[in-house]
Q: 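After the structure tokens below, expect a handful of questions from me.
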Amino acid sequence: MSIQAKPLHSVGVHMKRKEDPRFIQGKGNYVDDLSFPGMLYLSLVRSTYPHAEITNIDISEAMKVPGVKAVITGKDLEAAGLGWLPTFHGFDKQMVLAIGKVLFQYQEVAAVFAETRAAAVDGAEAVQVDYAPLPVVADPFTSKTDKTLLRPDRESKTNHIFHWEVGDKEGTARALAASPKRIKQRLWFQRCHPAPLEPCGCVAYFDTMGRLQFHVTSQAPHVYRTALSLVTGIPEDKIHVISPDLGGGFGNKVPVYPGYVCAIVGALKIGRPVKWIETRTENLTSTGFARDYHMDVEIGATADGTITALHVATTADHGAFDAAADPTKYPAGIFGIVTGSYSFPVAYAEVDAYFTNKAPGGIAYRCSFRVTEASYAIERGMDILADELGMDAVELRKKNFIRTDQFPYPSALGFTYDSGDYHKTLDTALEKIGYSQLLKEQAEKRARGELMGIGLSTFTEVVGAGPSKHFDIIGIKMFDSAEIRIHPTGAGIVRTGTKSQGQGHETTWAQIVAEELGLDPQQIMVEEGDTDTAPYGLGTYASRSTPTAGAAIAMAARRIREKARKIAAHLLEVGETDVEWKDYKFQVKGVPSKTVTMKEVAFAAYTNMAKNEPGLEATFYYDPPNMTYPNGTYIAVVDIDRETGEVKVRRFLAVDDCGTIINPLVVEGQIHGGLTEGFAIAFMQEIQYDAEGNNLNTNFTDYLVPTSLETPHWETDKTVTPSPHHPIGAKGVGESPNVGSPAAFVNAVVDALSPFGVRHIEMPITRSKVWQAIRDAEARKTV
Ligand code: CDP
């Protein structure tokens, strides 16, 4: 089902920001293109040590560098009451510039402002910082017991940040103990990084009215405005946040970073615009990392493969500050979705988070706050259970799926799944990929000693944060909003509190308005990201835009339709109750020849409205009644070279169910991009630290991003199970491929290696890991 009566693919409605005076300051539409008279550049001095006392900072040489205007340190900020920045979910705070000691390599230590970018960098290099190294805690497991206290600033004198749990602990333990079959496996979802094409950056200045103009790469401009007001004390009406075009975000552009605060302080103190653009190395070493969950997964089952219980115990490495951008009530994000697509009678999940001398973060990298970790845990766990039972992974899943008659389904960990048809989605995928043929081929290849693997992931996720009774960021409830204005000629504008970073809202938001009002989507302008014009919203991340703002647009459009009905009645010379909305027009009930279009009504709303209120616009703030639960079946087929360990992904099929689809082409683009990220995570990417706390992946030669040469060919398909509570039945989809695909890749590789007795292999699955696993197995055989 698509919401358009006529199939509308990419209609290509885009804001012409180059022609908009508010954005014309530079040569393009990105923050780095902006240029203002007298603008200074900011470069940050960063720590070379992961843990050290700062014994002295000497800025005298830096001040001699031609072009350098000012240098500020943590002490200067502390004196101004800006030494620390609260993190978004309210559990911790973060130093803006190091005060007294540094806690991770590449931590921000001082800020240098100069006339040119080069002078700022030279100035930063000339700042002399003396360090006295301290013992390093680089492992969350040793952090538990380590005598080195990393955060003496905190009340609780321990490296343990929080314990979070959900479910029935005793019931789960009892059920596991009574289960004839049990598996237990530690799975690590490695630390990785979103790596958007455009790194983070901002330009800050105070205009002639003393108002802060803040152009910034933000996925949540309104939250930035409120947070900046609360932190700096600048009244919120004196802050204008503009998030222009963004070159990707993926969760990386949700938190407020020290560079932003320094740019604002510099602009205030020096009285000139300040630009900060992060380098790639700064991006990979200091802004929001993702994942880093060590998960002990335990599943119980009967001998015939009926699941009985799930227990997942996680040790989380949060780095030096707990800067996870999670909703307040969810310190471990929405990890409770870890029961996945399966009908577990009882379950229990717990997470313990620790500080280490690593960069802070814990962001939702294309993921609804830890849903990716949860999905990986259960989808790997089910494959390991299938192996233990000697059952086909498909058969095990089908036996334990939540059935269609169980929806709305109350999960053992407290969610109410809205809708889904997991058997149908899986069957669609099996048929499309030719599963039985693949099994036959695999058996033949195995007989010849060749390594071929088939891996499944039949995930369910939870997106659309979220209902106000559960979800907030710094206390602000996670609703979203839309404002629609229809102009006299039937063209219009829609503004929302979300912010596209390449997801195509410019197209899909216009389509929702067009669908609801029978107007031309090409003439509906979409604007987001400007806090002066857009209604208040919580932004775009965690696939929340369609479930929240998408719903708000439909509801605002329906408000307009109700107002328009009155004007239509006037034009049709009948009573309002005699008018119905049919086939994208107002029609006199039972008289198909008497109609009036929305375009005609729009003109009348400004020229011939009779006694009705003039104008045609509406605003809607949408507080979702529930989350949406998109799901999918992904199947990977791999071949492995047993001599070199090279894994070739021969086929990959993604069958997604995101409810009603607004734009098939946009959705397909989302799937392709997310699968490419999932592929990179599974096979290439890890932010590694050595035992001394040194970051080993500081650039794109050490942190690999796949090009078109490495990326497999993606096959896609869909099933459509509309969400019963969303106004147009749509569920989010942007994160599904990143959430669902890593397990499919790993399951396929482990399946290929199963003749060697391999049961698990950690991501990223490099060639050397595979080669080693084969050599180890061969060595075992020899013995
Ligand atoms: O919050 P974010 O925009 O990242 O994620 P989303 O809500 O999943 O939407 C990603 C893009 O896919 C948007 O342009 C949506 O309007 C579009 N989409 C769609 O066309 N149909 C759906 N059922 C879900 C999303």
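The chain is numbered in sequence order, starting from 1. From a predicted model like this one, the values you see are computed outputs, not experimental measurements.
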Q: Is it true that His294 and Phe141 have ring centroids separated by less than 6.0 Å?
A: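 When the ring centroids of His294 and Phe141 are compared, they turn out to be within the sub-6.0 Å range.
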
Q: Test Phe335 against Tyr293 for ring pair (Phe, Tyr, Trp, His ring centres under 6.0 Å), laying out the working first.
A: CA-CA 11 Å; Phe335 191 77; Tyr293 262 30; 5.7 Å; yes

Q: Quiz question: by atom type and distance under 3.5 Å, do the side chains of Tyr629 and Ser723 form a donor-acceptor pair?
A: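 Checked: Tyr629/Ser723 side chains show no N/O donor-acceptor pair below 3.5 Å.
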
Q: If you measure only the distance, is there a donor-acceptor pair under 3.5 Å linking the side chains of Asp92 and Thr87?
A: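 Looking only at side-chain atoms, Thr87 and Asp92 do not form any donor-acceptor pair under 3.5 Å.
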
Q: If you measure from CZ on Phe250 to CD on Gln219, what distance do you get to the nearest 0.5 Å?
A: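 Answer rounded to 0.5 Å: 9.0 Å.
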
Q: Under 3.5 Å, is there a donor on one side chain and an acceptor on the other for Trp188 and Asp292?
A: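 Yes, side-chain donor-acceptor contact under 3.5 Å.
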
Q: Okay, side chain of Lys253, backbone of Gly248: is any donor-acceptor separation there less than 3.5 Å?
A: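 Side chain of Lys253 to backbone of Gly248, a donor-acceptor pair under 3.5 Å: yes, one is there.
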
Q: For Thr619, does its backbone N or O pair with a side-chain atom of Arg559 as donor and acceptor, under 3.5 Å?
A: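 Flag set: sc Arg559 to bb Thr619 pair under 3.5 Å.
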
Q: CG of Asp392 to CG of Leu439: how many Å apart, nearest 0.5 Å?
A: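 Interatomic distance, Asp392 CG to Leu439 CG, rounded to 0.5 Å: 6.0 Å.
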
Q: Using only heavy-atom distances, determine whether the side chains of Asp304 and Thr306 contain a donor-acceptor pair under 3.5 Å.
A: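 Yes, a side-chain donor-acceptor pair sits under 3.5 Å.
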
Q: To the nearest 0.5 angstrom, please state how far the CD1 atom of Ile433 sits from the CD1 atom of Ile635.
A: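 Going from the CD1 atom of Ile433 to the CD1 atom of Ile635 covers 5.0 Å.
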
Q: Nearest 0.5 Å, what's the CG-CZ distance between Asn738 and Arg366?
A: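 The CZ atom of Arg366 is 6.5 Å from CG of Asn738, to the nearest 0.5 Å.
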
Q: In Å, rounded to the nearest 0.5 Å, how long is the span from NZ of Lys731 to CD1 of Ile661?
A: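 Taking NZ in Lys731 and CD1 in Ile661, the distance rounds to 11.5 Å.
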
Q: Report, as yes or no, whether the 6.0 Å neighbourhood of atom NZ on Lys184 holds more than 12 heavy atoms from other residues, nucleotides or ligands.
A: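 Counting other residues, nucleotides and ligands, NZ of Lys184 stays at 12 neighbours or fewer.
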
Q: Checking side-chain polar atoms at under 3.5 Å, does Thr721 have a donor or acceptor matched by the opposite partner on Asp657?
A: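 Their side chains do contain a donor-acceptor pair, which is all the 3.5 Å distance test asks for.
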
Q: Are His163 and Glu165 close enough that some pair of their side-chain heavy atoms sits under 4.5 Å apart?
A: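 Yes, close enough: below the 4.5 Å cut-off.
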
Q: Taking the six-membered ring for Trp, are Tyr422 and Tyr417 closer than 6.0 Å centroid to centroid?
A: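 No, they do not, as the ring centres are separated by 6.0 Å or more.
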
Q: Ignoring hydrogens and angles, state whether a donor on the side chain of Tyr342 or Thr458 is under 3.5 Å from an acceptor on the partner side chain.
A: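 Short answer, yes.
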
Q: Using side-chain heavy atoms (C-beta onward) and a distance below 4.5 Å, is Lys181 in contact with Thr302?
A: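 They are not in side-chain contact.
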
Q: Taking atom types as modelled and ignoring hydrogens, do the side chains of Asn663 and Gln511 form a donor-acceptor contact shorter than 3.5 angstrom?
A: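 Yes, Gln511 and Asn663 have a side-chain donor paired with an acceptor closer than 3.5 Å.
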
Q: Are His318 and Phe162 close enough, and set up right, to give a ring pair (Phe, Tyr, Trp, His ring centres under 6.0 Å), and what steps lead you there?
A: CA-CA 11 Å; His318 276 227; Phe162 65 78; 5.6 Å; yes

Q: So, Tyr622 versus Phe479, ring centres under 6.0 angstrom or not?
A: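 No.
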
Q: May I have the step-by-step check of salt bridge (charged side-chain N to carboxylate O under 4.0 Å, His left out) for Glu373 and Arg370, ending in yes or no?
A: CA-CA 5 Å; Glu373 291 88 325; Arg370 304 294 187 181; 2.8 Å; yes

Q: Are there more than 12 heavy atoms of other residues, nucleotides or ligands under 6.0 Å from atom CD of Glu762?
A: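 For Glu762, atom CD is crowded (more than 12 foreign heavy atoms under 6.0 Å).
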
Q: Check whether the ring centres of His311 and Phe344 lie less than 6.0 Å apart, and answer yes or no.
A: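 Judged by ring-centre distance (under 6.0 Å), His311 and Phe344 do not meet the cut-off.
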
Q: I'd like to know if the side chain of Ser411 and the backbone of Phe415 have a donor-acceptor N/O pair within less than 3.5 Å.
A: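 It does hold such a pair.
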
Q: Between Phe459 and Tyr376, is the gap from one ring center to the other below 6.0 Å?
A: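 So the answer is no for these two rings.
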
Q: So, Ser736 versus Glu461: side-chain donor-acceptor pair below 3.5 Å or not?
A: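 Side-chain D/A pair, Ser736 to Glu461: present.
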
Q: Can you tell me if Asp751 uses its side chain to pair, donor with acceptor, with the backbone of Ile454 under 3.5 Å?
A: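 Yes, because the side chain of Asp751 sits within donor-acceptor range (under 3.5 Å) of the backbone of Ile454.
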
Q: If the condition is salt bridge (charged side-chain N to carboxylate O under 4.0 Å, His left out), which residues does Glu350 pass it with, not counting sequence neighbours?
A: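 Glu350 satisfies salt bridge (charged side-chain N to carboxylate O under 4.0 Å, His left out) with no residue once adjacent residues are dropped.
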
Q: Can a donor-acceptor pair be found, under 3.5 Å and without considering hydrogens, that links the side chain of Gln501 to the backbone of Thr540?
A: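 Present.
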
Q: Looking at Arg174 and Asp168, does any basic side-chain N land under 4.0 Å from a carboxylate oxygen?
A: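 Looking at Asp168 together with Arg174, the answer is no, because their closest N to O distance does not fall below 4.0 Å.
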
Q: Quick one: NE2 on His760 to CG on Asp387, what's the gap to the nearest 0.5 Å?
A: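 Answer rounded to 0.5 Å: 13.0 Å.
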
Q: If you take the centroid of each ring, where Trp contributes its six-membered ring, are Phe289 and His193 closer together than 6.0 Å?
A: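 No: the rings miss the under 6.0 Å criterion.
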
Q: When the aromatic ring centroids of Tyr634 and Phe652 are compared, is their separation below 6.0 Å?
A: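 Judged by ring-centre distance (under 6.0 Å), Tyr634 and Phe652 do meet the cut-off.
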
Q: Between Glu668 and Trp714, is any side-chain donor less than 3.5 angstrom from a side-chain acceptor?
A: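 No, no side-chain donor-acceptor pair sits under 3.5 Å.
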
